[in-house]
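The structure appears right after this line, and notes come after that.
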4 protein chains.
Amino acid sequence: MIRNKRNAILKSVLKLVNRQGFYHLNMKSIAQEAGVAAGTIYLYFKGKEDLINALYAMTAEEFNQAILEAYEEGRPLQANFFAMLDAAVMFYLKNPDHFSFVEQYTYAPFLFKENQDMNFSLLLPIYKMMAQGKALRLIKPLDESVLLALIHGSLNTIIKLHLARKTNLRKESTRKEFYNAVWDAVTVTKK
Amino acid sequence: MIRNKRNAILKSVLKLVNRQGFYHLNMKSIAQEAGVAAGTIYLYFKGKEDLINALYAMTAEEFNQAILEAYEEGRPLQANFFAMLDAAVMFYLKNPDHFSFVEQYTYAPFLFKENQDMNFSLLLPIYKMMAQGKALRLIKPLDESVLLALIHGSLNTIIKLHLARKTNLRKESTRKEFYNAVWDAVTVTKK
Amino acid sequence: MIRNKRNAILKSVLKLVNRQGFYHLNMKSIAQEAGVAAGTIYLYFKGKEDLINALYAMTAEEFNQAILEAYEEGRPLQANFFAMLDAAVMFYLKNPDHFSFVEQYTYAPFLFKENQDMNFSLLLPIYKMMAQGKALRLIKPLDESVLLALIHGSLNTIIKLHLARKTNLRKESTRKEFYNAVWDAVTVTKK
Amino acid sequence: MIRNKRNAILKSVLKLVNRQGFYHLNMKSIAQEAGVAAGTIYLYFKGKEDLINALYAMTAEEFNQAILEAYEEGRPLQANFFAMLDAAVMFYLKNPDHFSFVEQYTYAPFLFKENQDMNFSLLLPIYKMMAQGKALRLIKPLDESVLLALIHGSLNTIIKLHLARKTNLRKESTRKEFYNAVWDAVTVTKK
DNA sequence: GATGAATGAGTTTTCATTCAT
DNA sequence: TATGAATGAAAACTCATTCAT
């Protein structure tokens with residue numbers, strides 16, 4: 001399979017970034033981890049920057065795929081909202097390296113050019129759904145960035161806490177508790 | 001003043017990390033920016049790692065200071081909650097370099113050893129208050145990490161969005177909207 | 001034809017050396033330019049050095065051939081001298097890549113071993129003729145190296161100037177002017 | 001002396017280019033030869049290219065200096081012509097590394113950018129003098145490039161032959177023979 | 001014969017740290 | 001204290017050559 005080595009290299013980066021961070025990532029250890037020669041990396045990528053960007057493109061696509069699959073046409077908004085949040089959470093529980101990589105990629109300004117517009121596009125399908133909810137007066141008429149902060153921000157943090165073993169998202173009750181709280185944050189309430 | 005150069009060096013790091021990111025931070029440019037010789041840095045810090053860690057300690061302390069000052073004994077919970085969130089937001093609007101630095105410090109695992117327990121301690125005063133609220137049945141009996149995610153996570157993200165000019169937290173209405181949404185997320189509601 | 005690929009490879013080197021110089025010449029670009037695989041070069045040549053040396057042998061032979069063809073037995077010395085100089089000039093105008101390659105090959109000491117004795121053999125037929133001229137007291141009894149310098153050196157330079165578009169050797173008058181000056185340099189004169 | 005290491009590095013390049021050619025020149029051996037660490041080179045030069053260009057600037061200036069010093073106002077044209085040619089020859093006999101370096105620098109197209117307009121500027125003082133000679137009808141009304149070829153080209157070649165031990169320019173008679181022949185090439189003659 | 005992916009030694013360059021002044 | 005030239009180990013990247021197909 002022609003993509004074998006290319007993939008092995010990408011997986012290596014994912015593993016190493018998670019293990020040691022961007023700062024200590026170097027081409028030699030990537031090659032070693034992937035079981036190829038250092039020069040081989042340059043057959044598949046122009047350089048370190050290109051490699052990192054390609055990896056980001058890959059992880060982002062896989063993640064979006066996972067979320068989109070959770071959406072079901074014709075289901076109530078809340079059901080889809082919960083399902084997609086859950087898909088996001090479960091994806092990262094299954095692929096913790098992805099999460100760690102995306103976080104670092106996003107928070108390292110100017111390290112790699114394309115990095116500028118952040119990775120908020122990652123939850124795009126969810127935001128589109130929220131727009132519909134606003135029209136139905138189900139979702140608060142919040143500034144879009146506030147919505148983003150509430151969903152994206154809290155989601156990221158809870159996953160980080162799980163990976164740091166400060167909580168356990170494998171328990172359904174914890175996940176539910178979290179989803180409900182986010183739901184309360186964004187929906188119209190009567191006190 | 002004996003601390004003059006030490007402080008100039010710390011400020012340089014803050015500025016440079018914000019401008020170019022951790023990855024491109026190097027001792028020579030720190031020295032240049034601070035107006036000192038490269039060797040001088042080593043009179044005040046053991047090395048790069050020590051410098052970064054010292055800076056983190058400094059920024060964390062300044063930030064906590066700012067938040068604590070917003071707390072007023074005997075004021076209703078919600079008033080204090082809003083005041084402290086607002087203090088956090090305003091601190092970072094005034095010191096955007098701090099925010100960028102803390103973010104990168106937090107998201108670069110193993111870059112600098114002490115980094116392990118994340119920077120959730122930053123909002124500690126707020127969490128203590130939340131514990132009281134739980135006892136009063138005002139705040140939901142949420143898992144502590146869920147609380148953390150809702151407050152810390154969304155706060156971080158909204159600030160990042162502000163710094164990226166995707167929203168404007170200088171408008172009081174936007175801030176209020178955000179605080180209210182977080183409040184809805186964490187308080188007991190009746191629909 | 002079995003020599004097809006071998007020739008394509010040699011032509012590639014000629015083109016690339018002229019375009020980018022020896023320093024940037026590499027096996028991959030040679031292969032690309034020749035439309036063969038990198039490994040194929042090694043079926044026809046032992047390695048880079050062998051390839052370069054083989055190419056020099058080829059260019060030198062073609063050049064000498066061209067000059068010799070200009071010589072006509074029984075014609076006056078000056079006529080043959082002019083004819084052969086003209087053959088040399090015209091050969092390089094027709095094959096500018098050859099010139100550039102030979103120059104670089106000659107001026108890169110120790111790059112490739114055999115390179116030591118320079119490329120003065122290139123005008124050998126002319127020097128032989130000069131020896132006859134000396135015997136006839138038509139040509140000055142110059143040191144052979146002085147003769148070489150006057151003919152070979154000035155010839156090379158005028159061609160280089162033509163290729164750099166600083167003069168135009170396509171104009172017959174310019175060529176004549178040059179040949180006459182060289183002739184004046186080497187022949188016995190009465191002032 | 002602050003220029004000590006910078007000069008040691010430049011001298012190293014000169015020596016090494018002469019000994020092994022451009023092709024085998026590498027930063028490590030330059031450093032070794034100069035008795036400095038590899039990194040030190042980068043304190044004085046931006047990189048290899050900058051180093052080479054700086055060296056060319058230095059050698060060119062030294063050479064021109066030497067030639068200009070040979071010129072004496074008010075002396076007959078021929079005397080100045082011979083003196084300057086002689087200065088050029090003697091300079092290179094004393095500094096053979098300079099010659100080898102300049103040759104290679106000139107004949108390696110596109111290796112280093114500034115290289116484009118060749119090194120004919122090297123004999124500029126001589127060409128200016130020739131222009132005067134033309135006005136006096138002493139020098140033939142030759143195309144400038146033909147003049148260049150006759151002087152510069154033959155000069156270069158005779159020096160190369162000397163360095164290759166094919167002739168001996170230390171003998172004054174050989175030099176004279178050569179200068180006279182060049183003089184005959186460029187001056188108006190009556191046969 | 002022909003390929004071109006793979007290699008790994010070698011190259012240029014960077015940069016945290018040291019140390020003579 | 002303060003300097004900044006110097007270091008050299010380590011980094012990113014190149015490329016002639018090999019070899020399984």
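Since we're looking at a predicted model, the values are computed, not measured.
Side-chain contact between A:Asp97 and A:Val17 is absent, with no heavy-atom pair separated by less than 4.5 Å. Using a 4.5 Å cut-off on side-chain heavy atoms (C-beta onward), B:Phe101 and B:Ile52 make contact. The side-chain heavy atoms of A:Leu55 and A:Tyr105, taken from C-beta on, include no pair separated by under 4.5 Å. Looking at heavy atoms from C-beta onward, C:Ile30 lies out of side-chain contact with C:Val36 at the 4.5 angstrom threshold.
Atom CG in D:Leu51 sits about 16 Å away from atom P in E:dT11, given to the nearest Å. Atom-to-atom, CZ of A:Phe45 to P of F:dT14 comes out at 15 Å; the value is rounded to the nearest Å. With rounding to whole Å, A:Asn4 atom CG is found 14 Å from E:dA6 atom C1'. Distance B:Ile30 CD1 to F:dG4 C1': 16 Å, rounded to the nearest Å. The nearest whole Å value for the distance from the CD1 atom in A:Ile52 to the C1' atom in F:dA12 is 13 Å. Summarising the geometry, the separation between CD1 on C:Ile9 and C1' on F:dA16 is reported as 15 Å, rounded to the nearest angstrom. A:Gln32 places its CD atom 11 Å from the P atom of F:dA11, with the value rounded to the nearest Å. Atom CG in A:Leu43 sits about 13 Å away from atom P in E:dG8, given to the nearest Å.
The salt bridge (Lys or Arg N to Asp or Glu O under 4.0 Å) contacts involving residues 22-32 of chain D comprise nothing, where partners must be two or more places apart or lie in separate chains. Among pairs with a residue in residues 7-16 of chain A, those fulfilling salt bridge (Lys or Arg N to Asp or Glu O under 4.0 Å) read A:Lys15-A:Glu33, at least two apart in sequence or across chains.
The side-chain contact (heavy atoms from CB on, under 4.5 Å) check on C:Phe99 picks up C:Tyr92, C:Glu103, C:Asn156, C:Ile159, C:Lys160, C:Leu163, with sequence neighbours excluded. Every side-chain contact (heavy atoms from CB on, under 4.5 Å) that A:Glu62 has, sequence neighbours left out, goes to A:Met58, A:Phe91, A:His98.
For A:Lys5, no side-chain nitrogen or oxygen approaches OP1 or OP2 of E:dA5 to under 4.0 Å.
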Footprint string (nucleotides 12-21 of chain E, 5' to 3'): B base within contact, S backbone only, - free, heavy atoms under 4.0 Å: SBB-SBB---

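For D:Gly35 and B:Ala37, each mapped to the nucleotide of DNA chain F holding its nearest heavy atom, the one lying further toward the 5' end belongs to B:Ala37.
One N or O on the side chain of D:Lys48 and one on the backbone of D:Leu25 form a donor-acceptor pair closer than 3.5 Å.
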Strand DNA chain F as a dot-bracket string - pairs counted if Watson-Crick or G-U with both distances under 3.5 Å, | where the partner lies in another strand: .||||||||||||||||||||

